[in-house]
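Take a look at the structure set out below.
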Amino acid sequence: MGVIHATVNPETNSYKPHGLDHLDLKQRGPGYAADMAPPTRKKARPSTPRYIAIAALLRDRIVDDQLGPHTLLPSERELAEQHQVSRMTARQALSLLESEGMVYRRPPRGTFVAEPRVRFHIGSFSEEVSRLGMHPDAKLLWAEKQEPTATVRRALDLDADATVHTFHRLRTVDGIPFALETTYLPAALTPGILETAEHGSLWALLRDRYSINLSRSTAVLESIVLDDNSSTQLGVRPGSAGTLLTRRTIDTTGRPVEYARDVYRADRTSFEVTETLTNTSAIALTTA
């Protein structure tokens with residue numbers, strides 16, 4: 001088989017093969033361009049599945065506050081009649097919204113609009129909830145001085161003989177469980193903190209009591225399935241969806257001062273991430 005070279009004209013976007021001018025394509029048998037009949041019609045574009053379109057209409061009404069929390073939605077039969085689809089399609093639309101946490105079901109009463117998610121920025125739980133005009137609280141489940149694991153030691157850049165103060169707390173918003181926090185602080189930087197930190201913001205305590213000036217926090221968000229113990233503490237069904245937030249915070253000197261692994265209810269929380277973009281040079285793509 002020979003090698004075919006081609007030139008692409010960037011002005012006309014035309015494509016010209018080299019080395020085939022002397023060939024009679026009609027003599028090369030079936031399958032060549034000269035023997036192929038032009039298509040008689042264009043292939044139709046796939047349309048949006050009906051259940052996705054119905055779910056989108058309901059989602060828009062919920063987001064636009066036309067349907068408030070705990071409002072009863074139309075039944076599967078009513079949705080099917082309104083949109084002229086089968087009940088199975090209507091059921092798929094409601095199931096999609098339920099998987100997103102937009103609605104909840106209470107058989108045999110029906111399907112209802114869920115409470116809106118609390119939108120967090122990456123930062124202090126207490127400060128974020130207060131910013132939104134709600135009441136944050138913390139229930140201390142346990143707190144102790146520990147030998148750090150290898151992961152915690154690396155995250156906090158600790159010496160081999162260093163220890164950490166570890167807190168495990170249930171965080172609530174207006175009395176509703178929202179998250180389980182496990183926070184690790186270098187013991188050398190936070191003497192006496194185990195006796196004082198129960199309900200408020202640990203970040204505020206680091207600033208106010210220990211004069212630690214926080215500079216930057218980096219977090220990774222992962223989707224997880226909640227285990228039985230976490231589900232019970234957060235008041236959701238076992239196997240419910242959760243969000244694992246792993247966070248590392250440094251102070252103004254570049255010193256790591258906090259490492260945290262927080263588990264949030266996925267049905268009640270969302271996270272907003274903002275990135276400041278800078279001008280970048282154009283990238284030229286070439287192919288060999």
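These numbers were taken from a predicted model, which means no experiment stands behind them. In this chain, residues are counted from 1 in sequence order.
- Phe178 places a side-chain heavy atom less than 4.5 Å from the side chain of Arg268.
- Judged by distance alone, with hydrogens and angles left aside, the side-chain atoms of Thr89 form no donor-acceptor pair with the main-chain N or O of Val85 at under 3.5 Å.
- By the 4.5 Å heavy-atom criterion applied to side chains, Glu258 and Tyr184 are not counted as neighbours.
- Formation of a donor-acceptor pair under 3.5 Å by the Asp228 side chain with backbone atoms of Pro238 is not found in this model.
- Heavy atoms from other residues, nucleotides or ligands lying under 6.0 Å from CZ of Arg209 number more than 12.
- Under the 3.5 Å distance criterion, the side-chain polar atoms of Arg153 are matched with a main-chain donor or acceptor of Ala160.
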request  = Begin with the C-alpha distance, continue with both residues' side-chain angles, and end with the deciding distance and a verdict on side-chain contact (heavy atoms from CB on, under 4.5 Å) for Glu147 and Thr163.
outcome  = CA-CA 5 Å; Glu147 296 288 336; Thr163 57; 3.8 Å; yes
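- Put simply, the side chain of Pro74 reaches to within 4.5 Å of the side chain of Gln82, judged on heavy atoms.
- Between the side chain of Arg50 and the main chain of His83, a donor-acceptor pair closer than 3.5 Å is present.
- Panel note: side chain Tyr51, backbone Met88; no donor-acceptor pair is recorded below 3.5 Å.
- A pairwise comparison of heavy atoms in Thr249 and Leu214 identifies CG2-CD2, 4.1 Å as the closest pair.
- Here CZ of Arg265 is found 10.0 Å from OG of Ser231. Values are rounded to the nearest 0.5 Å.
- Between Trp203 and Ser217 the shortest side-chain heavy-atom distance falls below 4.5 Å.
- Annotation: the span from Met134 atom CE to Asp174 atom CG amounts to 6.5 Å, rounded to 0.5 Å.
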request  = For the pair His165 and Glu144, evaluate side chain to side chain donor-acceptor pair (under 3.5 Å) and give the outcome as yes or no after the intermediate values.
outcome  = CA-CA 6 Å; His165 289 141; Glu144 62 185 18; over 6 Å; no
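- Using a distance-only test at 3.5 Å, with no hydrogens or angles considered, a donor-acceptor pair links the side chain of Asp251 to the main chain of Gly254.
- Remark: Lys145 NZ to Leu185 CG distance equals 13.0 Å, nearest 0.5 Å.
- The closest donor-acceptor contact from the side chain of Ser95 to the backbone of Arg91 lies under 3.5 Å.
- Under the 3.5 Å distance criterion, the side-chain polar atoms of Thr190 are left unmatched by any main-chain donor or acceptor of Ile193.
- The two residues Ala90 and Leu79 have their closest heavy-atom pair at CB-CB, 3.9 Å.
- Closest approach of Tyr104 and His70 over heavy atoms only: OH-ND1, 2.8 Å.
- Contacts of Thr151 classified as side-chain contact (heavy atoms from CB on, under 4.5 Å), with partners at least two apart in sequence or in another chain: Thr149, Arg154, Tyr259.
- Residues Leu58 and Leu94 have side chains in contact (heavy-atom distance under 4.5 Å, counting atoms from C-beta outward).
- Taking all atoms of both residues into account, the shortest heavy-atom contact from Ser201 to Ala204 is OG-N, 3.1 Å.
- Under the 4.5 Å side-chain criterion, counting only non-hydrogen atoms from C-beta, Leu96 is in contact with Arg59.
- Interatomic distance, Arg109 CZ to Thr111 OG1, rounded to the nearest 0.5 Å: 11.0 Å.
- Taking the side-chain contact (heavy atoms from CB on, under 4.5 Å) definition, one finds that Asn229 meets it with Asp227, Gln233, sequence neighbours left out.
- With ring centers used as reference points, Phe271 lies under 6.0 Å from Tyr264.
- A single hydrophobic cluster is not seen to contain both Leu72 and Leu97; linkage of ILVMFWY side chains at heavy-atom distances under 4.5 Å, directly or through other members, places them apart.
- Looking at every heavy atom in both residues, Asp262 comes nearest to Ala260 through OD1-CB, 3.9 Å.
- Summarising the geometry of Leu226 relative to Ala241, their closest heavy-atom pair is CD1-O, 3.9 Å, with the distance given to 0.1 Å.
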key: Chi angles and distances behind the side-chain contact (heavy atoms from CB on, under 4.5 Å) call for Phe167, Leu140   = CA-CA 7 Å; Phe167 297 88; Leu140 183 62; 4.1 Å; yes
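- Using a 4.0 Å cut-off between charged nitrogen and carboxylate oxygen, Arg261 and Glu181 do not count as a salt-bridge pair.
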task = Just do the side-chain contact (heavy atoms from CB on, under 4.5 Å) check on Leu244 and Glu222 with the steps written out, would you?
result = CA-CA 5 Å; Leu244 171 63; Glu222 301 174 72; 3.9 Å; yes
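- Residue Trp142 holds its CH2 atom at 6.0 Å from OG1 of Thr182, rounded to the nearest 0.5 Å.
- Residues meeting the side-chain contact (heavy atoms from CB on, under 4.5 Å) test with Arg87, sequence neighbours left out: Glu76, Arg77, Ala80.
- A donor-acceptor contact shorter than 3.5 Å links the side chain of Arg248 to the backbone of Ala155.
- A salt bridge does not link Arg171 with Asp137: every distance from a Lys NZ or Arg NE/NH1/NH2 to an Asp or Glu carboxylate oxygen is 4.0 Å or more.
- Without hydrogens or angle criteria, Arg169 side chain to Leu180 main chain gives no donor-acceptor distance under 3.5 Å.
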task = Apply side-chain contact (heavy atoms from CB on, under 4.5 Å) to Val257 and Leu189, showing your working.
result = CA-CA 8 Å; Val257 295; Leu189 298 180; 4.0 Å; yes
